[in-house]
Every structure is written in structure tokens, then in C-alpha cells.
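Notes follow once the structure below has been shown.
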Amino acid sequence: AASAASAASAASAASAAASGESEENPRELRAARLEKVALMRAAGVEPFAYSFAPTHSSTSYAEAFRDLENGSEEEGTVVSLAGRILTRRVFGKLMFFTLQDEVGTFQLYLDKGRLGAERFKALKDWTDSGDILGVSGSPKRTDKGELSVRVDEWTMLTKALLPLPDKYKGFTDKEKRYRSRHLDLIANPEVRDTFAKRARITSWIRRVLDEKGFLEIETPTLHSTPGGADAKPFETFHNALGLDLTLRIATELHLKRLIVGGFERVFELGRIWRNEGISTRHNPEFTSIELYQAYADYEDMMALTEELVSGAALQTLGSTQVTYQGVKIDLTPPWRRATMSDLVKDATGFDFSELDVAGDPEGSLAAAKKVAAEFEVPGEAPSVGGTLNLCFEHLCEEKLMQPTFVLDHPKEISPLAKPHRSKPGATERFELFVYGRELANSFSELTDPVDQRERFELQALKKAAGDEEAHDVDEEFLAALEQGMPPTGGLGIGIDRLVMLLTDAPSIRDVIAFPLLKKAE
């Protein structure tokens, strides 16, 4: 398959010439191909077939006949393959086509003597690059060592009306690739490999959680009260019910209500929408997995996070040693653990955990803001905990290249986490950072409904003051919480960022099949 791909690239000019096509006249090309559709139908040949049954893929074919010697053919064996024409090379009474299927490429050996003059001519006249063919024939290896299918029968499965991107120029423009992902997948096999790996990663995560007794239960995507994260939601309106609704910004609150209802291990892997900026790490529509386990805490969630992430690396790459954007990263557990205040202390020399916030709130806040100002930390927070978080984000976050659990976040920025059992002002929460990016977030979940109401009310005050990422009090969730929720550990993992890490993708849009883009001008 590799040699066929090399031949495909080298032969693109010959292929274009054989087809009589040029990238310069797409309208004429389409008209010419439509004319071929008409000619085929006039000859009683349907250019858009209903089905075909391949016996092999390109890779299974290469494996099955890897020992076939140069210049030999298994004439008594019949194989069937299907794929898209990448190149056509015509040499009088002999033609060579390179076809691509889902997993690779393969070569067709087309002999006029074998096919007959009429079928050979029809194949030559009616086909173009981009067409999808089904073929049957015998395995043959050419004198130069290229495994081929010596074709006895061919079927036009789909006549392409548009040409493929020019192989010499390549299909490399990022914007065009994102807008025309179907062409990107055809022209760049490594892109197909990225999305195949993504599918294997999510499948493996689901399989592991299933083996551990977790149930995947779908929760609503339309919410009357957004919650579960600090994020601005997308707003919509339900005509039949006359309701203002938002697209979900998290699955958390509904999954926790399932825990209240008696399920002990639940999760959902699905789409989340947040009306926020776009960058190499952020897309308004993204995929996350959230899971909740009764009778567990954030220590249990750290162990589970290590198992899921390192296991996904092993399943995808065969190793926990990962190279991302030139940086070697070791995902082998156990991972480093450090509190947010300790990391900021390492960067500034100032220990936020020694501040007497309860006894001297004004002095503590002034001291915290002084440190932030000394280190030119942008932004301003109305609390010591918020200032600590700003210092962490500005001074520490990007330096966490190896997997690090950042622990014990301030209560002010963790409205759904249980207070730390031994550290006043902190919560039992961690975020996992790899390559300076947040990959996971976890709590010992807050189960005290009175405390939860107070935190929701603070969020509501922030919203009333103009904070677009703060939210109202969710009375339905509080009513559920008052029924009693067992001690619970919760975990959220960003699937897109995990796939980025394990496929060495520089941008989140490289791992989302159809990322949201500006309207084309």
C-alpha cells in the first residue's frame, strides 16, 4: 500500500493527462463528467450502483498475498475490492489505477487482452480520478514488485462529478480543509487515522467504564437553567412550550440527580455547547465525558483518571510515552500531585494558604492583590481564592508539561465541590494539566444542600452584577439534593483535548470532524 501511495503521488500528472482533465476549468470538468454519466446510462450501465461486496480491504489484501513473488499471479484465486480512483496511468493496451479505501491504497492491473477491447475502452473513457470502482480479479505482483489486482470485472459504483484536489499542490490550506473535511479525508490519509484513533479512544473509555459497572445514561441537551460550569450558554426558544432554553454547558447536574435516584455509577460521553471564544484549544461545540461514582471521593477519581488516560494511550499508541508538539510526555502513573497554593508559592515565594482569610479578610485580600500586582498578573478578583487562581493561571499553568494533578482549589471558584476536610477555604477538587493545558476536572461532590444553595445564590449575585458565565439558582437540582445524595466523586475529561494529545494534533479543530467556522466570504 505504501508503494502504491508513492506511485499515486508520482503519477498525478500522467493521471490528469489520461483523464483529459485540468484543475483550471472545474465547470467544464463537471459538464464532461455529467456527459459520461449520460453515455453510461445510454449504454445500459448505471453510474450510481446500489451495493458491492468486497472480499478484502487494501490492508487485508496486502497481508493475505504478501508472499506472492514478483512477476507471479494466482490465477485460480478471485478477490474483490472497492475504492476511489486516485490516479490513472494509461500505456496503450495496459492501464494502472491506484484506488483508495478506508485503510489504504491498492493498485489495479488492467490488461486489454484480459478485459476485452470493448470493456477496456469503456473503462478508459468513462472513468476519472475520484470515481468509486468495484473490481474482481486475481492477485498479481508485477515484475517491479507491486501487488496488484489483475482485473477481470469492474463496476462503476459511483461516478464523481467533481475532481480530486491536485496531488502535486496538495490539499493543505487549513481553512479549506476544515470546510471541506470530506476532501481532507480523501487527500490526507493521516487525517482519517486521527479520527479512527478518536473513535478507538472513546470506544475504549466506554468499554472500561462498562466493565467497572458504570451506566451511560443520556441527559437533556436543552436546559431551562444552565449549570454545572462557569460558561456563557447558547440561548434558544421552544415554540410549542413557549420556553426560553439554553444548550447545555455541562451534564453534571442531571447526572447527579441520577445518583440521588439510586444509581451508583453513571456517565455520559457527549456534546457540550459554550458560547465562548475560539482558539487552538477551544471550540464552542466540544465533547466531554462526565462520570459520577457514589461512595467515592476525588482521591478515587485521581486513580480512575490515571487509568483512563494512560490506558487510552496504550490502546492508541501502544505506549504511555507520548511526544506532543516535539515535547516528550510520560503518562505512566502515578502522576505528580501539587496544591494550587504550593505551585503559586513556588512561582512567587508567597504562601496563600497562610493567609488568615477568616480573621482578617480585608488584610488577606490586600496581601493577595499585592503579590498579583508584583508579578503583573492580569485581571482582578474580589476574593483571595479568586486572586490565587489568577496567579496560578498566569504564572504556573503553562509550565505544567508533564501530567500534574493540581489540587485543593479555592471555594470561591468551585461552587459544586465539597469543602476540604482539613484545609479551610479550599475544596476537594483537582484539575489535571498536561502540556500546560487542562485535561480533566474533578470534585468530591458537594452533597450539603444548604451549602449548595448558598453557593448558587452567590453565583446568582455575580450574574446580576453582569457576569455572563455565572448562573441562577437551580431549584430542581437543589430539591433533588435535599432528598439526600450519597458521598460522590465526579470527574470530567475533555475528549477533544485527550485526542489532541494522543494524535499530536496542534489544534482542537484537527480532531473535530466538522468544527464551527466563520461564514465563508
(request) With rounding to the nearest 0.5 Å, note down the distance linking CG in Leu215 to CG in Asp210. (result) 8.0 Å
(request) Applying side chain to side chain contact (heavy atoms under 4.5 Å, CB included), name anything that partners Pro506, two or more places apart in sequence or on another chain. (result) Gln325, Asp510
(message) Using every non-hydrogen atom in the two residues, find where Leu498 and Ala312 come nearest and quote the distance to one decimal.
(response) CD2-CB, 4.5 Å
(message) Restricting to non-hydrogen atoms, name the atom on Arg200 and the atom on Asp193 that form the minimum distance, rounded to 0.1 Å.
(response) NH2-OD1, 4.3 Å
(request) Scan side-chain atoms only and decide if Arg198 and Thr287 contain a donor-acceptor pair under the 3.5 Å cut-off. (result) yes
(message) Tell me which one of Glu398, Glu397, Met401 satisfies side-chain contact (heavy atoms from CB on, under 4.5 Å) with Phe433.
(response) Glu397
(request) Give a yes or no on whether the backbone of Ala199 and the side-chain of Thr202 come within a donor-acceptor separation of less than 3.5 Å. (result) yes
(request) Assess the pair Phe352 and Phe392: is the distance between their ring centroids shorter than 6.0 Å? (result) no
(message) Is the shortest side-chain heavy-atom distance between Lys197 and Thr194 below 4.5 Å?
(response) no
(request) Measure from the side-chain N and O atoms of Asn283 to the backbone N and O of Arg509, and report whether any donor-acceptor pair falls under 3.5 Å. (result) no
(message) To the nearest 0.5 Å, what is the distance between CH2 on Trp273 and NE2 on His223?
(response) 9.5 Å
(request) Indicate yes or no: at least one non-hydrogen side-chain atom of Met301 is less than 4.5 angstrom from one of Leu291. (result) yes
(request) Check whether any side-chain heavy atom of Lys212 lies under 4.5 Å from a side-chain heavy atom of Arg265, and answer yes or no. (result) yes
(request) Heavy atoms only: give me the nearest Ile278-Pro284 pair and the separation to one decimal. (result) CG1-CD, 3.6 Å
(request) Check for a donor-acceptor pair, side chain of Thr404 on one end and backbone N or O of Val406 on the other, with a separation under 3.5 Å. (result) no
(message) Tell me whether the count of non-hydrogen atoms from other residues, nucleotides or ligands lying under 6.0 Å of CD in Gln321 goes above 12.
(response) yes
(request) Kindly give the heavy-atom pair with the smallest separation between Thr246 and Pro226, and that separation in Å. (result) OG1-CB, 3.7 Å
(message) Does the plane of the ring in Phe405 sit parallel, tilted or perpendicular to the ring in Phe430? Use 30° and 60° as the thresholds.
(response) perpendicular
(message) Quick check: do Ser383 and Lys411 have side-chain heavy atoms less than 4.5 Å from each other?
(response) no
(message) Tell me whether Ser57 contacts the main-chain N or O of Ser60 through its side chain, where contact means a donor paired with an acceptor under 3.5 Å.
(response) yes
(message) Could you check whether any side-chain N or O of Arg274 sits under 3.5 Å from a backbone N or O of Ile249, counting only pairs where one atom can act as donor and the other as acceptor?
(response) yes
(request) Kindly compute the distance separating CD (Glu307) from CE (Met302), expressed to the nearest 0.5 Å. (result) 15.5 Å
(request) With salt bridge (charged side-chain N to carboxylate O under 4.0 Å, His left out) as the test, would you mind laying out the steps for Asp451 and Arg455 before giving the verdict? (result) CA-CA 6 Å; Asp451 189 354; Arg455 298 198 205 181; 3.1 Å; yes
(message) The criterion is side chain to side chain donor-acceptor pair (under 3.5 Å); which residues satisfy it with Lys399, sequence neighbours excluded?
(response) none
(request) Decide yes or no on side-chain hydrogen bond (donor to acceptor under 3.5 Å, both in side chains) for Tyr324 and Arg437, but give the supporting numbers first. (result) CA-CA 12 Å; Tyr324 183 74; Arg437 298 172 179 176; 2.8 Å; yes
(message) I'd like to know if Asp467 pairs up with Lys462 as an ion pair, taking the criterion as any Lys NZ or Arg NE/NH1/NH2 lying under 4.0 Å from an Asp or Glu carboxylate oxygen.
(response) no
(message) Is a donor from one side chain sitting under 3.5 angstrom from an acceptor on the other, for His409 and Glu431?
(response) yes
(request) State which residues pass side chain to side chain contact (heavy atoms under 4.5 Å, CB included) with Glu102; sequence neighbours excluded, sorted by chain then number. (result) none
(message) Could you check whether Glu211 pairs with Arg206 (Lys NZ or Arg NE/NH1/NH2 to Asp/Glu carboxylate O, under 4.0 Å)?
(response) no
(message) Applying side chain to side chain contact (heavy atoms under 4.5 Å, CB included), can you list everything that pairs with Ile132, at least two apart in sequence or on another chain?
(response) Arg84, Leu157, Thr158
(message) Is there a side-chain contact between Leu390 and Val377 in this structure, where contact means two heavy atoms from C-beta onward sitting under 4.5 Å apart?
(response) yes
(request) Starting from the C-alpha separation in whole Å, work towards a yes-or-no answer on side-chain hydrogen bond (donor to acceptor under 3.5 Å, both in side chains) for Gln293 and Tyr295. (result) CA-CA 7 Å; Gln293 179 179 340; Tyr295 313 114; over 6 Å; no
(request) Could you list the residues that satisfy salt bridge (charged side-chain N to carboxylate O under 4.0 Å, His left out) with Arg453, not counting sequence neighbours? (result) Glu475
(request) Would you check if Phe477 and Arg257 make a side-chain contact, meaning some heavy-atom pair closer than 4.5 Å? (result) yes
(request) Quick one: pull up CD in Glu374 and SG in Cys391 and give me the separation to the nearest 0.5 Å. (result) 10.0 Å
(request) Check for a donor-acceptor pair, side chain of Ser444 on one end and backbone N or O of Asp297 on the other, with a separation under 3.5 Å. (result) no
(message) Between the side chains of Lys232 and Glu276, is the shortest nitrogen-to-carboxylate-oxygen separation below 4.0 Å, so that they form an ion pair?
(response) no
(request) Give the intermediate values and the outcome of side-chain hydrogen bond (donor to acceptor under 3.5 Å, both in side chains) for residues Thr332 and Thr320. (result) CA-CA 6 Å; Thr332 307; Thr320 54; 2.6 Å; yes
(message) For Ile272 versus Ser288, what's the shortest heavy-atom pair and its separation?
(response) CG1-OG, 3.5 Å
(message) Would Thr225 and Asp472 count as a side-chain hydrogen bond (donor to acceptor under 3.5 Å, both in side chains) here? Give the steps.
(response) CA-CA 7 Å; Thr225 303; Asp472 291 320; over 6 Å; no
(message) Can a side-chain donor-acceptor contact be found between Glu445 and Thr488 if the only test is distance below 3.5 angstrom?
(response) no
(message) So, using side chain to side chain contact (heavy atoms under 4.5 Å, CB included) as the criterion, who are the partners of Gln402 when residues are at least two apart?
(response) Ile329, Asp330
(request) Look up atom CG in Leu407 and atom NE2 in His420, then write down how far apart they are to the nearest 0.5 Å. (result) 8.0 Å
(request) Measure from the side-chain N and O atoms of His471 to the backbone N and O of Glu469, and report whether any donor-acceptor pair falls under 3.5 Å. (result) yes
(message) Whether the side chain of Arg181 engages the backbone of Ile512 through a donor-acceptor N/O pair (distance < 3.5 Å, no angle test) should be reported.
(response) yes
(request) Flag the pair Arg248 / Thr219 as yes when at least one side-chain heavy-atom distance between them is below 4.5 Å, and no otherwise. (result) yes
(request) Enter the distance from Leu269:CG to Ile201:CD1 here, rounded to the nearest 0.5 Å. (result) 11.0 Å
(message) Looking at Pro415, is its backbone amide N or carbonyl O close enough to the side chain of Gln452 to form a donor-acceptor pair, meaning the two atoms are under 3.5 Å apart?
(response) yes
(request) Show the numbers, then the answer: is there a side chain to side chain contact (heavy atoms under 4.5 Å, CB included) between Val473 and Glu457? (result) CA-CA 6 Å; Val473 176; Glu457 288 173 349; 4.0 Å; yes
(request) Give the minimum heavy-atom separation between Glu428 and Tyr298, together with the two atoms involved. (result) C-CD1, 3.5 Å
(message) With heavy-atom distances below 4.5 Å as the criterion, would you say the side chains of Thr427 and Asp408 are in contact?
(response) no
(message) Using only atom types and a distance under 3.5 Å, with no angle test, would you say the side chain of Thr348 pairs donor to acceptor with the backbone of Phe350?
(response) yes
(message) Is it the case that atom CD in Glu376 sees more than 12 heavy atoms from other parts of the structure closer than 6.0 Å?
(response) no
